[in-house]
Asker: 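Sending over a structure as structure tokens; questions will come in a sec.
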Amino acid sequence: MTEHRLITDKIRVGYDKKIIIDGMDVEIPSNKISVIIGANGCGKSTLLKSFSRLVKPDEGCILLDGKEILSYPSKSLARIMGLLPQAPVIPEGITVFDLVSRGRYPHRSLLQRLGEADMKAIEEAMNIMGVSEIANRNIDELSGGQRQRVWIALALAQQTDILLLDEPTTFLDIAYQVEILDRLTDLNLQRGTTIVMVLHDINLAARYGDYIFAIESGKLIAQGKPADVISPELVRAVFHVDCTVIRDPVFNSPVIISIKTL
């Protein structure tokens with residue numbers, strides 16, 4: 001179980017002249033599942049992209065193990081941190097196995113063939129996500145839930161200590177949502193993988209997250225364990241709705257009910 005310290009130091013991030021994240025300080029708990037919540041456009045995805053260097057802060061910096069993240073060679077960073085973006089592009093005519101095998105890129109030279117360690121990592125990733133039986137099928141033939149499991153398997157084959165997931169359950173029915181989040185929880189418990197993900201469903205965030213980061217208009221307004229963070233006051237501040245919060249009798253996590261607009 002490898003520990004890493006991933007923090008932001010007063011980062012300011014924008015596109016063109018619009019500021020999306022404004023002076024944010026975040027420290028990601030190592031070996032835990034962190035969930036970022038907030039309304040559309042608040043900066044959740046931008047924060048993940050900043051961690052993975054898809055966007056560069058205009059001010060401030062991001063540190064990984066005390067070192068500026070921009071100073072890491074690309075392959076070195078890709079061995080530590082993996083990202084599943086919100087809408088990954090599917091290569092045309094590719095099989096499940098071929099797509100998952102692309103996760104081994106950081107561990108190989110450009111023309112190097114897959115070795116024994118690569119094959120083991122690919123098979124393990126497909127087993128974890130339950131896609132081994134469809135390894136030879138074309139991605140175009142799969143359902144949305146199956147495709148999402150394959151994309152996560154690609155990220156797992158990368159064998160990183162930190163995994164960033166941008167809305168991994170969006171557009172999936174509840175059965176697939178729970179299945180994917182259960183598998184990610186197992187991964188965290190078995191390997192100690194630090195998982196940071198964006199979720200829209202607050203109840204799922206509270207159920208599966210060890211730690212919650214709540215963002216509103218580019219600023220971090222609350223952070224902590226779900227039981228300490230999720231409240232009617234927070235939901236009103238972040239999502240601008242009134243609600244009642246109760247305790248889930250099975251999972252002992254906060255549950256939001258009786259939502260109504262202000």
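Since this is a predicted model, take the numbers as computed values, not measurements.
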Asker: Judged by atom type as modelled, is there a donor-acceptor pair below 3.5 Å linking the side chain of R79 to the main-chain atoms of P106?
Answerer: yes

Asker: Cluster question for you: counting only ILVMFWY and a side-chain heavy-atom cut-off of under 4.5 Å, with indirect links fine, are I37 and I28 together?
Answerer: no

Asker: Tell me, yes or no, whether the heavy-atom count around K120 atom NZ, taken from other residues, nucleotides or ligands under 6.0 Å, exceeds 12.
Answerer: no

Asker: How long is the straight-line distance from OH of Y208 back to CG of D201, given to the nearest 0.5 Å?
Answerer: 10.5 Å

Asker: Please output the side-chain donor-acceptor pairs of residues 253-262 that fall under 3.5 Å, not counting sequence neighbours, one pair per line with the distance.
Answerer:
none

Asker: Is it the case that the side chain of S30 and the backbone of H4 share a donor-acceptor pair, with hydrogens and angles ignored and the cut-off at 3.5 Å?
Answerer: yes

Asker: Report the residues that fulfil side chain to side chain contact (heavy atoms under 4.5 Å, CB included) with I20, sequence neighbours left out, ordered by chain and then residue number.
Answerer: Y15, K18, T46

Asker: Applying side-chain contact (heavy atoms from CB on, under 4.5 Å) to V26 and F213, what does each step give before you reach the verdict?
Answerer: CA-CA 9 Å; V26 168; F213 293 97; 3.7 Å; yes

Asker: Which distance, rounded to the nearest 0.5 Å, do you find between the CG of L64 and the CD1 of I162?
Answerer: 5.0 Å

Asker: Compare every heavy atom of V100 with every heavy atom of A157, then report the nearest pair and how far apart it is.
Answerer: CB-O, 3.6 Å

Asker: Compare every heavy atom of L156 with every heavy atom of A125, then report the nearest pair and how far apart it is.
Answerer: CB-CB, 3.8 Å

Asker: On a heavy-atom basis, which atom in L163 and which in L184 lie closest, and how many Å separate them?
Answerer: CD2-CD2, 4.3 Å

Asker: Within the side chain of Q177, is there an N or O that forms a donor-acceptor pair under 3.5 Å with the backbone of L172?
Answerer: yes

Asker: State, yes or no, whether a side-chain contact exists between D25 and K10 at a heavy-atom distance under 4.5 Å.
Answerer: yes

Asker: Would V35 end up clustered with V245 when hydrophobic side chains under 4.5 Å apart are linked, directly or stepwise?
Answerer: yes

Asker: Check this for me: Y176, atom OH, are more than 12 non-hydrogen atoms of other residues, nucleotides or ligands nearer than 6.0 Å?
Answerer: yes

Asker: For atom NZ of K75, decide whether the heavy atoms of other residues, nucleotides or ligands shown that lie under 6.0 angstrom number more than 12.
Answerer: yes

Asker: Hey, are the side chains of P57 and R12 touching, using non-hydrogen atoms and a 4.5 Å cut-off?
Answerer: no

Asker: Should the pair E179-R149 be classified as a salt bridge under the 4.0 Å nitrogen-to-oxygen rule?
Answerer: yes

Asker: Quick one: CG on N127 to CD1 on I122, what's the gap to the nearest 0.5 Å?
Answerer: 12.0 Å

Asker: Which residue is it: L164, L77, D166, L84? I am looking for the one with a side-chain contact (heavy atoms from CB on, under 4.5 Å) to S52.
Answerer: L164

Asker: Within a strict 4.5 Å, meaning less than it, do heavy atoms of the I180 and I152 side chains meet?
Answerer: yes

Asker: Is the backbone N or O of S143 less than 3.5 Å from a side-chain atom of Q146, with the two atoms forming a donor-acceptor pair by type?
Answerer: yes

Asker: Would you call R236 and D242 a salt bridge, using N to O less than 4.0 angstrom?
Answerer: yes

Asker: Are L47 and M197 grouped together when hydrophobic residues (ILVMFWY) are joined by side-chain heavy atoms under 4.5 angstrom apart?
Answerer: no

Asker: Is there side-chain contact between V196 and L165, with heavy atoms separated by less than 4.5 Å?
Answerer: no

Asker: Count I, L, V, M, F, W, Y as connected when their side-chain heavy atoms are under 4.5 Å apart, and connections chain through other members. Are L204 and V241 then in the same cluster?
Answerer: yes

Asker: For the residue pair V229 and G224, what are the closest heavy atoms and their distance?
Answerer: CG2-N, 3.4 Å

Asker: Yes or no on side-chain contact (heavy atoms from CB on, under 4.5 Å) for L234 and I221, after CA distance, side-chain angles and deciding distance?
Answerer: CA-CA 9 Å; L234 177 84; I221 65 168; 4.2 Å; yes

Asker: Just by distance, do the side chain of Q223 and the backbone of Y211 share a donor-acceptor pair under 3.5 Å?
Answerer: no

Asker: Using a cut-off of 6.0 Å, state whether more than 12 heavy atoms not belonging to E233 lie near its atom CD.
Answerer: yes

Asker: Applying salt bridge (Lys or Arg N to Asp or Glu O under 4.0 Å), name anything that partners D118, two or more places apart in sequence or on another chain.
Answerer: R104

Asker: Is any side-chain heavy atom of D186 closer than 4.5 Å to one of I128?
Answerer: no

Asker: Does any donor atom in the side chain of Q86 or S45 lie under 3.5 Å from an acceptor atom in the other side chain?
Answerer: yes

Asker: Using atom types as modelled and distance alone, determine if a side-chain donor or acceptor of K44 lies under 3.5 Å from a backbone N or O of A39.
Answerer: yes

Asker: Nearest heavy-atom pair of V13 and K56: which atoms, and what distance?
Answerer: CG1-O, 4.4 Å

Asker: Verify side-chain contact (heavy atoms from CB on, under 4.5 Å) between L99 and W151, making sure each step is shown before the conclusion.
Answerer: CA-CA 8 Å; L99 184 60; W151 280 112; 3.9 Å; yes

Asker: So, does D9 use its side chain to make a donor-acceptor pair with the main chain of C61 at under 3.5 Å?
Answerer: no

Asker: Just wondering, do I246 and T244 contact through their side chains at under 4.5 Å, heavy atoms?
Answerer: yes

Asker: Are any side-chain N or O atoms of R53 and backbone N or O atoms of Y72, one a donor and one an acceptor, separated by less than 3.5 Å?
Answerer: yes

Asker: Between E27 and R5, is there a salt bridge with N-O shorter than 4.0 Å?
Answerer: yes

Asker: Hydrophobic clustering (ILVMFWY, side-chain heavy atoms < 4.5 Å, transitive) - are L48 and I21 grouped together?
Answerer: yes

Asker: Would you compute the distance between atom OG1 of T8 and atom CG of L63 and round it to the nearest 0.5 angstrom?
Answerer: 9.0 Å

Asker: Please test R247 against N252 for side-chain contact (heavy atoms from CB on, under 4.5 Å), starting from the C-alpha separation and ending with a verdict.
Answerer: CA-CA 6 Å; R247 187 72 54 186; N252 199 34; 3.2 Å; yes

Asker: Show the nearest heavy-atom pair for residues S101 and L114, with the distance to one decimal.
Answerer: CB-CD1, 4.1 Å

Asker: In plain terms, say whether K225 and D210 are close enough for a salt bridge, that is, a side-chain N and a carboxylate O under 4.0 Å apart.
Answerer: no

Asker: Is it true that D98 and T95 share a donor-acceptor pair across their side chains at a distance under 3.5 Å?
Answerer: yes

Asker: Just so I know, are the side chains of I94 and N138 near enough to count as touching, which here means a heavy-atom distance under 4.5 Å?
Answerer: no

Asker: Kindly indicate whether the side chain of M126, heavy atoms from C-beta on, has any atom under 4.5 Å from the side chain of F97.
Answerer: yes

Asker: How many angstroms lie between atom CZ of F51 and atom CD1 of I7, to the nearest 0.5 angstrom?
Answerer: 9.5 Å

Asker: Supply the atom-to-atom distance E59 CD to I11 CD1, rounded to the nearest 0.5 angstrom.
Answerer: 11.0 Å

